[in-house]
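Since the model is a prediction, treat every value here as computed from it, not as a measurement. Residue numbers begin at 1 in each chain, while the letters A, B, ... track the order of the sequences.
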Amino acid sequence: MQYLSPNTVEDAVQLLASRTGECRVLAGGTDLLVRLRSGMTEPDSVLDIKRIDELRRITREDGGWRIGAAVPGAEMSENADLVSDWPGVVEAVGLIGSTQIQGRATMAGNLCNASPAADSVPALVAADAVARVAGPDGVRDVAVFDVPDGPGKTSLGRDEFITSIFLPARPARSGDAYLRFIPRTEMDIAVVGCAVSLTLDAAGTCTAARVALGAVGPKVIAVKEAADILTGSIIDAATLDRVAQACSAAANPIDDKRGTADYRKHVAGVLARRATAIAKTRAGGAA
Amino acid sequence: MVQVKVFGSLTSATDGRSEVNIDASTLRELLDGLAEQYPAIKPQLERGISVAIDGKVYNDSWFTPIHEDSEVVLLARLKGG
Amino acid sequence: MALDSKSDGEKLNFKVIGTRPLRPDGIDKVTGRARFGADMSAPGMLVGLVLRSPHAHARIKSIDTSAAEALTGVHAVVTRADFGAVENEATADVLDNCMAGDKALYDGHAVAAVAATSGKIAKQALKLIEIDYEPLPHVTDVDAAMQPDAPSLHDGRANETVPEGMSPNVMARHEFGHGDIEAGLAQADRVLERTYRTEATHQGYIEPHACLASMGPDGQADLWCCTQGHYMVRNTCAEILGIEQGQLRVTASEIGGGFGGKTTVFLEPVALKLAQKSGRPVKMVMSRAEVLRATGPTASSSIDVRIGMTKDGRITAGFAELRYQGGAYPGSPVDMGSMSAFAPYDLENVKTVGWDVVTNRPKQAAYRAPGAPMAAFAVESAIDELAKGFGLDPLEVRLKNAAREGTRASYGPTYPAIGLEATLRKAKDHPHWSAPLGPNQGRGVACGFWFNFGGDTCVSLNITPDGTVTLSEGNPDIGGSRASMSMMAAEELGIPYDKVRTVIADTGSLGQNEVTDGSRVTFAVGLATIEAARAAKREMCKRAAMVWGIDEEAVVWEDGAAKPAGPNAGDHEPMSLAEIAAIASNTGGPIAGHFEVNAEGAGVSFATHMVDTEVDPDTGAVKILRYTVFQDAGKAVHPSYVEGQFQGGAVQGIGWALNEEYIYGEDGILQNPGFLDYRIPVASDLPMIDTVILEIPNPGHPYGVRGVGETSIVPPLAAVANAVSEAAGVRMTALPMSPPRVLAAIQSENG
Amino acid sequence: MSKIHVTTTINGDPTEYLCEAEDTLLDVLRDRLGMTGSKEGCGTGDCGACSITVDGRLVCACLMLGAEAEGREIGTIEGMAKGDTLHPLQQKFIEHAALQCGICTPGILVAAKSLLERNPDPTEEEARYWLAGNLCRCTGYDKIIRAVLDAAQDMREAS
């Protein structure tokens, strides 16, 4: 195996394009190293993107935020302005693994690992985030929802990699939240994850909403029915019930070692109700 | 003679008796006596056994004294972790 | 030798015992200097790796190692063909578990091993080993394995206690008890019948198994390894390899947890064989996945209980049928479970029947009070349900039925002084018991019992020329026992704690020592230490007598010094230990005390645990809110480490109760061989664990010490289950009480 | 096969080593540099026994390649005591009997130090969550948390 550590995006693209054999992009490495260690993946080379300065930055852009692909979760949690704008997204990233994992794991890596249970992905989908992808043909932007294709698979080309993720500007009175269910209080993979992002008008009526579920299908699920129920509502108890039902119905999970399908469907609704309530409060709505 | 309490799964080796009398004044004599009087108990003795004598458990010590009025109880060989 | 309480050992005014000095290995452990199993290396060392079966059950038709052997950098390849036959059946099973014979019996079973100049080459070599497997039907569930038509692991290995016509996977039957169950049940106002199930759990020590072996052509071998008993390692490896015990010197590393799981061998005979074949030192370290797939978890269980109770809370009869699978070989701890199930209670009619069953899972290893926690879960759950059904206080019911001095134990003997009742009374008086509970919260209590034992023990206590003391003992220090030993030596010698340094000697330095297990070390090694110190004191009194020109009998040892005593002793200034040590060469030579014993007669111990839980009725998640342990320690030598044993056992039990489990797929493959999905409790899962130490002296130990290590894992499974059942409003009868299980129970209860 | 030459700083000491691309930093520390204080309990980032700091940030050494350490500042348990003076956390761990077997201790100390550098006055809950990635099987965490909180108090009073 070869270790490559380019200093620019251009060099990285060129290295990726010129490699024969399998090359894996190394960001935080908290998934990749586990795979390397267990022999699940045996690439011919790894390409470390952490030496590319621009990928290590969190920057404001067009009223939103651009998060470099090599930014570890801990740096996001320490950025008070980012937390204030997108608390749900930062919470979701912050739930990935331990404090130690937070020192390394990146949001882009969490996305590209393409685990159906990735914590940050539902939050990013709810946030309508956009991934910037570099490749031999230049740079393109792609909705985060369209990046994962299924367990362990992404829509990225062989020579492409994500350089950053963009969180759009927020209208006033917006809030987001992410909740996941795990058996312990920490250190587990999500059994179910649910993210809600919404905006209220001055009267407290929801004007826009996005709801996404994780770990209940081969990839993240955007629950349009739930968003539709929220939009135009004042998010009262009856609305929360309907959101919960819509999310349970939209969930399409399997039985596995982490939970049964029935359990996951039920909990998807429970989390949707709770996450919606939190997002509403964050948007300035009455509790 | 010492009265020995035998646990349930060994009673098939002692003609169904849960108490047997053995002429013994030490643990060794007790184990030898048991094997002699009840040969079917030998496999269990070979696998190992613990013996409670007056409330204390012994595994190996042959010359542990046993008195006529001692309470003697056979136990499965104790294991620990 | 039998050890009765010695009148000269009655000590009440302790100076060192009961204090909390700093442990001698503390600085090494907080600075990273302490050397654990994987921390040793040797010049020219090779890396050894094991190839493991990907099948749950398969005949090994052939193994071709030629390509691996031909790989540059590979110095040895080992399969079962490299080992000779072993006569002793139990040891033969250990060998078969270390390296499979004609069949691979579980997912992860070792089938070959290599030693190469690097881990990378060794990994490559494993891939070059070609094995022709014939997959066979498998079974991993205990009840399924008992079906007559279940896939059979070994035909014809059932012992004489098993009736004809049972599944060939049933290896043994155990029965204990007295009285007449049916007559007892007939006197009850209610008879509760329930089936309880527990999943297999792993000891979960953080340090994977590791060793470094070397062996010369002359048959002399050295082994460094993390183990609970290096003498056991020596004896077992010598037997397996057909070498003399005296030729194999084993040194115990610092040990990173064991809890029973390091009371046998896995890598060690393989490493020695690789070292022998390669002529080079070989180091082997397991991965976490290997630890979970191939080292001993404890048994899973399925237990039927029938208990009769009168409406005033008297238990009229108790019956339990226990089925434990202990993996691919005979020897599950169902015998211990059967003996301990009802041990806390004074019952006229009690009977337990235990079945030892084999399945296609790793060979079980001892786990802290092996066999007892699952039995206690079943019995304590049933008693709790009966008590609450009658509207009775569950602590009162336990007090009413508690075994005490003179009670005939459910497993046979009559109890001497025991501490169960004291723990129950302490629990009842504790503020925890009367603290208010909120919605969705419940409180549970349960009792637990463990035997404790002693065994072969050998220590040597040496007085150095400058008057300090070195104590050599042969039991790996798994949780601070060097401190306890130094304390007992200091107490006995009348010198400060920090004048005694305790070391763990290698197998060449002391006689045989039983494994660090059975909660035996503070009891047995402590007892030997005290006796060794007494021997040294006698010698020092003799030396002083020589100097003073008086009879030995006219010298006593007090406050760390020899003093003349009695009418004809004369008037001499006391001679301190240091003063006697300084002139040892002039008075006959070095001074030492040693003691060798098979320390039998350990005292049993009891505990009562109390726990508050909160259940999220929407998700089934359980939170532990408060936990208090009440346990009899006999005498707490170093209270901090006694508390630590209580707390650690309780938390392991919480893990067992809530989220730890071996999960096998339909294919018989372990689904969760990692700390991600084998979920041991993390810091944020827990509250502080409060402890109350009771001291009811063990008459079999000079200072009254009882073992404390194991009992603390016995009650928590049931205590947590009783609390969760109350909080959830539905009786939980299967462990772990993972959120999906709890939610399903709540939903089915609510229709 | 060509090895990678890495120049880095470990516990303040300039350090150079050769490693293979596959080697984790933990492999390098333990097997190439003889710094065995960092332990491997799982190799998957789930136990925290290999906790170290990289440029002041707490990470698992098992989840980082040795090659990635180029130019970084690495901190390990071996650098925690200054000469013969223990760090207050080290001292408190011994005093509180916050270790039994001690295998998790180096990782927990490194993680706890990192906590107190960021948050000198953590609540019990903050300490428990910060240390959730450090598994201890012996103690049930009680004495560990007490030691951390006690050390924090002493360090606040001393500063």
What residue, out of D:Glu125, D:Met80, D:Glu124, has the most heavy-atom pairs lying under 4.5 Å from chain C? D:Glu124
Please classify the contact between D:Gln91 and chain C as side chain, backbone, both or neither, with a heavy-atom cut-off of under 4.5 Å. side chain
Can you check whether C:Asp39 reaches D:Lys39 side chain to side chain, under 4.5 Å on heavy atoms? yes
Using heavy-atom distances under 4.5 Å, tell me whether D:Thr139 contacts chain C through its side chain, its backbone, both, or neither. backbone
Using heavy-atom distances under 4.5 Å, tell me whether D:Leu109 contacts chain C through its side chain, its backbone, both, or neither. side chain
Using non-hydrogen atoms and a 4.5 Å limit, figure out which bit of C:Ala650 sits close to chain D: side chain, backbone, both or neither. neither
Give the member of D:Asp27, D:Leu99, D:Thr44, D:Thr105 that has the highest number of heavy-atom pairs under 4.5 Å with chain C. D:Leu99
Between C:Ile206 and chain D, which part of the residue has a heavy atom less than 4.5 Å away: side chain, backbone, both or neither? both
Of the backbone (N, CA, C, O) and the side chain (C-beta and beyond), which part of C:Thr31 lies under 4.5 Å from a heavy atom of chain D, both, or neither? both
Return the minimal non-hydrogen interatomic distance between C:Phe259 and D:Cys138, and the atom names on each side. CZ-SG, 3.6 Å
NZ/NE/NH1/NH2 to OD/OE distance under 4.0 Å, D:Arg146 and C:Glu643: no
Side chain, backbone, both or neither of C:Pro476 within contact of chain D (heavy atoms, under 4.5 Å): neither
Going by an N to O cut-off under 4.0 Å, is there a salt bridge joining D:Arg128 and C:Asp685? no
Non-hydrogen atoms of chain D under 4.5 Å away: do they reach the side chain of C:Ile255, the backbone, both or neither? backbone
Using heavy-atom distances under 4.5 Å, tell me whether C:Val682 contacts chain D through its side chain, its backbone, both, or neither. both
Listed by residue number, which members of residues 40-48 of chain C have a heavy atom under 4.5 Å from any heavy atom of chain D? none
Could you have a look at D:Gly43, D:Gly102, D:Gly37 and say which one has the most heavy-atom pairs with chain C under 4.5 angstrom? D:Gly102
With D:Arg137, the side-chain contact (heavy atoms from CB on, under 4.5 Å) member among C:His202, C:Gln652, C:Gln203: C:Gln652
Portion of D:Leu86 that has a non-hydrogen atom of chain C nearer than 4.5 angstrom: side chain
Return the option, out of C:Glu207, C:His638, C:Met286, C:Glu254, with the maximum number of heavy-atom pairs under 4.5 Å with chain D. C:Glu207
Does D:Asp46 reach the side chain of C:Arg288, with side-chain heavy atoms less than 4.5 Å apart? no
Top residue by heavy-atom pair count (under 4.5 Å) with chain D, among C:Leu686, C:Asp690, C:Ile689? C:Leu686
